[in-house]
2 protein chains.
Amino acid sequence: MALIDPLAVEFTYIQIANHIEARIDVGEFKHKLPAERALAAEYGVAYQTLRRAMQVLRDRGRIITRQGRGTFVAPPART
Amino acid sequence: MALIDPLAVEFTYIQIANHIEARIDVGEFKHKLPAERALAAEYGVAYQTLRRAMQVLRDRGRIITRQGRGTFVAPPART
DNA sequence: GGCGATTTGTACGTATGTATT
DNA sequence: CAATACATACGTACAAATCGC
C-alpha cells in the first residue's frame with residue numbers, strides 16, 4: 001500500500017495528517033491512537049515527521065495528546 | 001554571555017523565543033530579523049531548535065516569516 | 001514507594017527542496 | 001544563473017511523564 005508519496009504535491013506530514021484523520025472519521029481509531037513511533041513505522045516516515053502530522057491534527061482539534069499517556073481522539077466539537 | 005542554559009527550567013526553544021522577543025521589544029530588531037541559521041549559530045543551538053523558537057513567536061504574533069525572503073517583525077496588533 | 005516498560009517531548013546535525021533576490 | 005533564506009524530512013539520543021507490577 002503506497003500510502004505516502006514523497007513526490008506528491010502535498011507534503012508528507014500533511015498526507016499523513018489527512019490519512020490519520022480519515023482513519024478517525026471511519027472509526028478505526030475510536031479512543032486511543034497507536035503510539036507515535038508505531039505510527040511512524042507504519043507510515044515509513046521519521047518520528048519527527050509523524051510528530052508534525054500529529055501537530056496538524058491537534059491544531060484541527062481532532063486529537064488530544066498527553067505526555068506519558070498517549071494520543072486520543074478528541075470529542076467532537078460542539079456546533 | 002551565557003544566553004541559553006540547557007539545564008534551566010524553561011526549554012531551550014522557549015528561552016530563545018523569549019530572548020528574541022525581548023530583542024524586538026527593546027528595538028534591536030525593527031524590521032528584518034537575521035537569517036534563521038545566523039540566529040541558530042548566535043545562540044549556539046541547532047537550526048531546527050531555532051525554528052521551533054520562531055514558530056513560538058509566530059504563534060505569539062510577533063513575527064512574520066516568508067520563504068525565500070526572511071523573517072520580519074510583525075506590526076503591533078490593534079487593541 | 002521503587003522499578004521497569006511504555007509513550008510523549010525536546011534537541012541535535014544533516015540533506016535536500018523551494019522561493020526570493 | 002548564483003547567492004541567500006525559509007521549509008521539509010531524515011535518523012538519533014536523551015529527558016520526562018505515566019502506568020502496572
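So you know, we letter chains A, B, ... as the sequences are listed, proteins then strands, and number each from 1. Note that these values count all heavy atoms, side chains included, but never hydrogens, waters or copies made by symmetry.
The hydrophobic clustering, which links ILVMFWY residues whose side-chain heavy atoms are closer than 4.5 Å, places A/Met54 and A/Val56 apart.
At D/dT8, one or more side-chain N or O atoms of A/Arg52 fall inside 4.0 Å of OP1 or OP2 (strictly under the cut-off). In terms of phosphate contacts, B/Thr71 brings a side-chain nitrogen or oxygen within less than 4.0 Å of OP1 or OP2 of D/dC6. Note on A/Tyr13: every side-chain N or O is 4.0 Å or more away from OP1 and OP2 of D/dA9. Remark: A/Arg69 is in phosphate contact with D/dC19, judged by side-chain N or O atoms under 4.0 Å from OP1 or OP2. A sub-4.0 Å separation between OP1 or OP2 of C/dT10 and a side-chain N or O of B/Thr12 is absent.
Within residues 24-31 of chain B, no residue approaches DNA chain D, by heavy-atom distance under 4.0 Å.
Taking the side chain of A/Thr49 as heavy atoms from C-beta on, and the options D/dA9, C/dT10, C/dT7, the nearest nucleotide is D/dA9. The side chain of B/Arg37 lies closest to D/dC6 when the candidates are D/dC6, D/dT12, C/dT7. The side chain of A/Ala46 lies closest to D/dG11 when the candidates are D/dC6, C/dG13, D/dG11. Closest to the B/Gln48 side chain, of the nucleotides C/dT10, C/dG13, D/dC6, is C/dG13.
Listed by first residue number, the stems of DNA chain D with at least three Watson-Crick or G-U pairs below 3.5 Å are C:2-21 with D:2-21.
Residue B/Ile64 contributes atom CD1, which lies 19 Å from atom P of D/dA5 at whole-angstrom precision. Put simply, CZ on B/Arg51 is 12 Å from P on D/dA9, counting in whole angstrom units. In this structure, B/Glu36 atom CD and D/dA5 atom P are separated by 11 Å, rounded to whole Å.
Between the side chain of A/Tyr47 and the base of D/dA9, no donor-acceptor pair of N or O atoms lies under 3.5 Å. The base of D/dT8 lies outside donor-acceptor range of the side chain of B/Gln67, with no N or O pair under 3.5 Å.
For the atom pair CG of B/Leu39 and CG of B/Leu50, the computed distance is 5.5 Å after rounding to the nearest 0.5 Å. Rounding to the nearest 0.5 Å gives a distance of 12.0 Å between CZ of B/Phe29 and CZ of B/Arg62. The CG atom of A/Leu33 lies 8.5 Å from the CG atom of A/Leu57; values are rounded to the nearest 0.5 Å. In this structure, CZ in B/Arg51 is found 7.5 Å from CD in B/Gln55, a value given to the nearest 0.5 Å.
Using a 4.5 Å heavy-atom threshold, the side chains of B/Ile24 and B/Ile63 count as touching.
Within the nucleic acid shown, A/Arg66 comes within 4.0 Å of sugar-phosphate atoms alone, with no base atom in reach, counting heavy atoms only.
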Identify all side-chain donor-acceptor contacts of residues 65-73 of chain A below 3.5 Å with residues at least two apart in sequence or on another chain.
unit_1	atom_1	unit_2	atom_2	d
A/Thr65	OG1	A/Arg58	NH1	2.9

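For the pair B/Glu42 and B/Arg23, the salt-bridge criterion is met [side-chain N within less than 4.0 Å of a carboxylate O].
Between the side chain of B/Gln15 and the backbone N or O of B/Glu10, at least one donor-acceptor pair lies under 3.5 Å.
Each of A/Gly68 and A/Ile14 was matched to the nucleotide of DNA chain D holding its nearest heavy atom; the match closer to the 5' end belongs to A/Ile14. In this structure, B/Leu50 and A/Leu33 both approach DNA chain C, and ranking their closest nucleotides by distance from the 5' end singles out A/Leu33.
For the residue pair A/Arg60/A/Asn18, the side-chain donor-acceptor check at 3.5 Å is satisfied.
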